[in-house]
Amino acid sequence: MTSSFRFPFSFPQPSTTTFSPSTLACSIAVSAAIGAGISAGLSISQNSTNHPIHKALNSFITNFSHSSNLFGSLSLSDGPPSAVTESKTGVSFPAVVNQSQELLGIGLRRKAVFGLKNIDVYAFGVYADDNDIKNFISEKYGTVSAAELKQKDVTQDLMESDVSVTVRLQIVYGRLSIRSVRNAFEDSVGSRLQKFGGSDNKELLQKFTSQFRDEYKIPRGSIIDLSKEKGYVLRTTIDGKEIGSVQSQLLCRSILDLYIGNEPFDQKAKEDIDNKLISAVTK
Ligand code: DAO
Ligand code: DAO
């Protein structure tokens, strides 16, 4: 972008090389504000005079606002990858959550009811920060080739690590009650707690499920984030509202196992995530 903007005051120049979504939004906002401010000022002075300087200024403003629009759209299309849609349900997942966690893969949680038909309960997306993954892998293995890495189970490592991971669930089943969530949870997560923890984990399960109050509603379209944060804290939010958090490595591992473990809800999703992890580490 040319910097033909010469006024007795100066504005931050939008940069096309070093933007994050927030600096980008900020630059666009600044550009828009500048455009609006100048237009407002000009409309007053235009009434009072038809001086060539004003004409020049007018044309400059027209160009400026064009170029700032252009800047916005160009930069956005050059920017981070866009959302991904789960084909069966049409549910869309943003490319990034929590500022820096990128989408590793998406899948579908289905459940057989009365041993008869399968219902689609929710679509899910698994997210983690590329740099966190890289750091963790290089700390663990040092420098390894892609081929060597393929021999190792990076996904397994990730599940046991303290790397932050978010699993986003988007509810597609329209008649989900808290009671059925609790029951399903006791089956799916309960069996993992048993498997990885060995001993009796009723208390831990209880601690987690007691967060789900009967009055919560999770209609179709609800977004539940299960975020494993530093220190093995599992934080749950529904539509951005915090429900609670539980600190337990065992619980974190058991939850992730549903999506990226050995018997995942969606095998294809797990494979996509495995591949994405390898490419994140080796790129
Ligand atoms: O009884 O209507 C029914 C079928 C309910 C199936 C519930 C599956 C629950 C899966 C857990 C959802 C977690 C958000
Ligand atoms: O799909 O079997 C499963 C378990 C998924 C984990 C569900 C966590 C649900 C948290 C919901 C809170 C509802 C108030």
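Keep in mind the model is a prediction, meaning the values are calculated, not measured. All residue numbers in this chain count up from 1 along the given sequence. Whatever order the structure lists them in is the order used to number ligands and atoms, beginning at 1.
- Within the 4.0 Å heavy-atom criterion, the part of L176 lying near ligand 1 is the side chain and not the backbone.
- Taking CG of N262 as the start and NZ of K195 as the end, the distance is 5.5 Å to the nearest 0.5 Å.
- Annotation for D129 and S100: closest pair OD2-OG, 2.7 Å, computed over non-hydrogen atoms.
- A salt bridge links D274 and K270; the closest N-O separation between the charged side-chain nitrogens and carboxylate oxygens is under 4.0 Å.
- Looking at every heavy atom in both residues, R235 comes nearest to S245 through CA-CB, 3.9 Å.
- By the 4.0 Å heavy-atom criterion, Y173 is counted among the residues contacting ligand 1.
- When hydrogens are left out, the protein atom nearest atom 1 (O) of ligand 1 is S180 CB, 4.6 Å; that is the closest non-hydrogen contact.
- With hydrogens left out, the protein atom closest to atom 6 (C) of ligand 1 is I119 CD1, 3.8 Å, a heavy atom.
- The distance criterion of under 3.5 Å between nitrogen or oxygen atoms is not met by K111 with respect to ligand 1.
- At a heavy-atom cutoff of 4.0 Å, ligand 2 is contacted by the side chain of I224 but not by its backbone.
- Those atoms of ligand 1 that come under 4.0 Å of a heavy atom in V113, given as number and element, are 4 (C).
- Taking every non-hydrogen atom of A184 and a distance limit under 4.0 Å, the qualifying atoms of ligand 1 come out as 9 (C), 10 (C), 11 (C).
- Residue-level proximity to ligand 2 for I238 is carried by the side chain, the only part with a heavy atom below 4.0 angstrom.
- Residue T236 has no N or O atom closer than 3.5 Å to an N or O atom of ligand 2.
- Looking at ligand 2, you won't find any N or O of Y216 less than 3.5 Å from one of its N or O atoms.
- Between R253 and D257 there is a salt bridge, with a side-chain nitrogen of the basic residue lying less than 4.0 Å from a carboxylate oxygen of the acidic one.
- Taking every heavy atom of S188 and a limit of under 4.0 angstrom, the matching atoms of ligand 2 come to 2 (O), 3 (C), 4 (C).
- Ring pair F208/F185 is parallel by interplanar angle, where below 30° counts as parallel and above 60° as perpendicular.
- At a threshold of 4.0 Å, the pair K241-D225 does not count as salt-bridged, since none of the basic side-chain nitrogens sits closer than that to a carboxylate oxygen.
- Neither the backbone nor the side chain of D187 comes within 4.0 Å of ligand 2, counting heavy atoms alone.
- In this structure, D157 does not pair ionically with K152, as no charged nitrogen and carboxylate oxygen lie closer than 4.0 Å.
- Looking at F124 against ligand 2, nothing comes within 4.0 Å, counting heavy atoms.
- Across D266 and G107, no two heavy atoms sit closer than the pair OD2-CA, 3.3 Å.
- With a heavy-atom cut-off of 4.0 Å, Y122 touches ligand 1 through its side chain alone.
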